[in-house]
Amino acid sequence: MGSNGFLDRRKSNYDMQEMASNEKCAQFSRCSPSSFRDTIDKVKLKMGTAQLEAIKSTPFGIFLNMSNVSHSLTKVLAVMRRFQAKTMSFRFGEEIEVPFEASEFSMVMGLRYMGQPIDELFCGKKEKTFRNELADLLVDLACKDDCIDDFCRTYILFVCNCVLFPQGNYSTPSFIFPYLEDLSDLGSYAWGKAVSDYLIGEMRANATGKKTYVNGCTIGLLAWFYERVPSIGSPTSLSRFPRFFRWDSSKTGREESKFQKALSELQLKRLFCLFQNPKRAS
């Protein structure tokens with residue numbers, strides 16, 4: 001009893017530290033796969049075969065079965081602190097520099113890197129569309145057979161809002177709306193590169209002091225890092241798709257200090273190359 005009580009107290013302390021750290025980081029990123037998954041669980045109880053098939057026909061149908069991926073904002077921050085805006089890479093240890101490549105990131109997210117470009121400067125829908133509004137609308141449309149296209153568009157907007165292009169005020173980027181007019185053409189666009197480019201722009205702004213927060217797919221960043229450094233990540237499966245579904249947590253546990261130490265002591269031989277080799281920092 002005494003030993004278990006000690007372990008329970010220690011676990012409780014770690015939980016409180018994690019909660020405090022995440023509350024401190026809450027303003028840093030609005031990326032929330034858990035918010036997406038919770039709403040989709042409700043939607044699945046209501047939608048029919050037609051709605052399901054409509055979602056599966058889009059590039060975003062792969063996110064319908066969102067796994068219980070761990071999105072530790074403290075770990076995101078730890079990785080982000082090593083971002084080098086000039087070289088678009090992350091520096092670990094004393095001499096390891098890992099380039100951040102859109103092609104690798106797209107592969108991890110299960111989205112196309114090649115295809116028609118997404119214009120993120122295009123100003124589409126003017127009014128704000130917020131996460132809670134999309135969640136309510138999605139649940140409402142799930143069982144309406146005469147609104148399948150609108151249901152599908154709302155689902156895509158919700159994926160973008162929660163996971164792919166999240167913003168600090170929980171709104172949806174306006175540039176996305178025009179691309180949803182023709183659902184049959186969605187698959188021709190390079191959505192993976194768009195998600196990566198959006199995140200890169202945010203990381204640059206944060207690294208150069210223009211922003212204190214980071215919009216964008218930070219859960220994807222963490223999954224990409226675990227793919228590159230599998231000695232730190234702790235996969236639940238080697239076969240799940242997209243690849244970011246595989247990563248539940250890190251082998252360093254919940255303590256930020258251990259994760260930071262692992263990053264500082266990272267060795268070149270511990271890196272796994274998705275497409276190209278990491279290089280020694282100059």
Side-chain angles (χ1 to χ4, degrees), residues 31-33 36-37 40 51-67 69 71 88-89 98-125 134 148-149 151-167 172-204 214-228 235 237-247 272-276:
C31 185
S32 181
F36 174 79
R37 186 179 60 252
I40 293 303
Q51 287 85 352
L52 177 61
E53 292 304 316
I55 289 176
K56 285 184 174 181
S57 69
T58 75
F60 308 96
I62 57 175
F63 301 114
L64 189 60
N65 295 315
M66 177 75 69
S67 64
V69 290
H71 187 213
M88 300 303 299
S89 61
V98 184
F100 184 74
E101 299 290 340
S103 54
E104 292 181 349
F105 184 84
S106 299
M107 181 173 69
V108 171
M109 295 304 298
L111 296 170
R112 286 189 62 174
Y113 170 68
M114 303 293 291
Q116 296 186 64
I118 302 291
D119 184 2
E120 296 180 3
L121 297 179
F122 184 82
C123 207
K125 190 178 178 73
L134 288 171
I148 291 178
D149 283 352
F151 168 76
C152 197
R153 292 185 180 98
T154 305
Y155 166 82
I156 295 168
L157 289 172
F158 195 57
V159 176
C160 291
N161 187 297
C162 292
V163 182
L164 304 178
F165 302 98
Q167 298 194 125
T172 309
S174 61
F175 69 82
I176 296 171
F177 289 86
Y179 296 98
L180 303 186
E181 292 178 5
D182 184 0
L183 293 176
S184 65
D185 201 33
L186 277 175
S188 67
Y189 291 98
W191 288 102
K193 188 175 186 306
V195 176
S196 176
D197 289 348
Y198 188 80
L199 177 61
I200 287 172
E202 290 295 313
M203 290 194 298
R204 259 186 180 152
V214 172
N215 292 328
C217 188
T218 50
I219 183 62
L221 172 64
L222 199 57
W224 168 84
F225 171 71
Y226 287 151
E227 287 279 343
R228 293 305 307 266
S237 168
L238 294 178
S239 59
R240 298 202 69 172
F241 182 83
R243 292 170 79 130
F244 95 90
F245 281 8
R246 304 176 184 183
W247 301 98
F272 179 78
C273 303
L274 300 181
F275 290 128
Q276 63 175 358

Engineer: Sort out for me which residue in Trp224, Phe100, Trp191 forms a ring pair (Phe, Tyr, Trp, His ring centres under 6.0 Å) with Phe105.
Structural biologist: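 When ring pair (Phe, Tyr, Trp, His ring centres under 6.0 Å) is applied between Phe105 and each of Trp224, Phe100, Trp191, only Phe100 qualifies.
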Engineer: Flag the pair Phe175 / Glu120 as yes when at least one side-chain heavy-atom distance between them is below 4.5 Å, and no otherwise.
Structural biologist: yes
Engineer: Decide whether Gln167 and Tyr198 meet the rule of one side-chain donor and one side-chain acceptor closer than 3.5 Å.
Structural biologist: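 Distance-only check passes for Gln167 and Tyr198.
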Engineer: Let's go through Phe225 and Val98 carefully: what are the C-alpha distance in whole Å and the side-chain angles of both, what is the deciding distance for side-chain contact (heavy atoms from CB on, under 4.5 Å) to 0.1 Å, and is it a yes or a no?
Structural biologist: CA-CA 10 Å; Phe225 171 71; Val98 184; over 6 Å; no
Engineer: For Val163 and Val195: C-alpha separation, side-chain torsions, deciding distance, then whether side-chain contact (heavy atoms from CB on, under 4.5 Å) applies.
Structural biologist: CA-CA 10 Å; Val163 182; Val195 176; over 6 Å; no
Engineer: Closest heavy-atom contact between Phe245 and Asn65?
Structural biologist: CE2-O, 3.3 Å
Engineer: Could you report the tightest heavy-atom contact between Tyr179 and Asp119, atom names first, then the distance?
Structural biologist: OH-N, 2.7 Å
Engineer: Return the CD to OG distance between Glu101 and Ser196, rounded to the nearest 0.5 Å.
Structural biologist: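 Atom-to-atom, Glu101:CD and Ser196:OG are 8.5 Å apart.
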Engineer: Could you check, using the six-membered ring where one of them is a Trp, whether Tyr155 and Phe60 have ring centers closer than 6.0 angstrom?
Structural biologist: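 No: the rings miss the under 6.0 Å criterion.
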Engineer: Kindly say whether Ala102 contributes a backbone atom to a donor-acceptor pair with the side chain of Ser106 at under 3.5 angstrom?
Structural biologist: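 The answer is yes, because a donor-acceptor pair under 3.5 Å joins these two groups.
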Engineer: Go through Leu222 and Phe244 one step at a time and tell me if the side-chain contact (heavy atoms from CB on, under 4.5 Å) criterion holds.
Structural biologist: CA-CA 9 Å; Leu222 199 57; Phe244 95 90; over 6 Å; no
Engineer: Do Met109 and Leu164 come within less than 4.5 Å of each other through their side chains, counting heavy atoms only?
Structural biologist: yes
Engineer: Does anything in residues 175-196 form a salt bridge (charged side-chain N to carboxylate O under 4.0 Å, His left out)? List the pairs, not counting sequence neighbours.
Structural biologist: Lys193-Asp197
Engineer: Taking Arg246's backbone N and O only, do any of them form a donor-acceptor pair with Arg240's side chain (distance below 3.5 Å, no angle check)?
Structural biologist: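 No; zero donor-acceptor contacts below 3.5 Å.
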Engineer: Taking the side chain as every heavy atom from C-beta outward, state whether Met88 and Arg204 have any atom pair closer than 4.5 Å.
Structural biologist: yes
Engineer: How far apart are the closest heavy atoms of Ala54 and Ser57, and which atoms are they?
Structural biologist: O-OG, 2.6 Å
Engineer: side-chain contact (heavy atoms from CB on, under 4.5 Å) with Leu183: which residues, sequence neighbours excluded?
Structural biologist: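 In terms of side-chain contact (heavy atoms from CB on, under 4.5 Å), with neighbours along the sequence ignored, Leu183 is linked to Asp149, Cys152, Arg153, Ile156, Leu186.
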Engineer: Mind checking side-chain contact (heavy atoms from CB on, under 4.5 Å) for Ser32 and listing every partner two or more places apart, or none if nothing turns up?
Structural biologist: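 For Ser32, the residues satisfying side-chain contact (heavy atoms from CB on, under 4.5 Å) (neighbours in sequence not counted) are Ser34, Ser35, Arg131.
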Engineer: Which heavy atom of Gly187 sits nearest a heavy atom of Pro59, and at what distance?
Structural biologist: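 Taking Gly187 first and Pro59 second, the nearest heavy atoms are CA-CG, 3.7 Å.
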Engineer: How about Phe36 and Phe63: are their ring centres within less than 6.0 Å of each other?
Structural biologist: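 When the ring centroids of Phe36 and Phe63 are compared, they turn out to be at least 6.0 Å apart.
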Engineer: Between atom CG of Leu64 and atom CD of Gln51, what is the distance when rounded to the nearest 0.5 Å?
Structural biologist: 11.5 Å
Engineer: Do you know which two heavy atoms are closest between Ser89 and Pro99, and how far apart they sit?
Structural biologist: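 Of all heavy-atom pairs spanning Ser89 and Pro99, the closest is CB-CA, 3.7 Å.
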Engineer: Quick check against the 3.5 Å criterion: does Thr218 have a side-chain atom that pairs as donor or acceptor with the backbone of Cys31?
Structural biologist: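 Pair absent, no side-chain N/O of Thr218 close to backbone of Cys31.
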Engineer: Please name the residue in the list Ile219, Val214, Leu221 that meets the side chain to side chain contact (heavy atoms under 4.5 Å, CB included) test with Cys217.
Structural biologist: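 The option that passes is Ile219.
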Engineer: Any side-chain heavy atom of Arg228 sitting closer than 4.5 Å to one from Glu104?
Structural biologist: yes
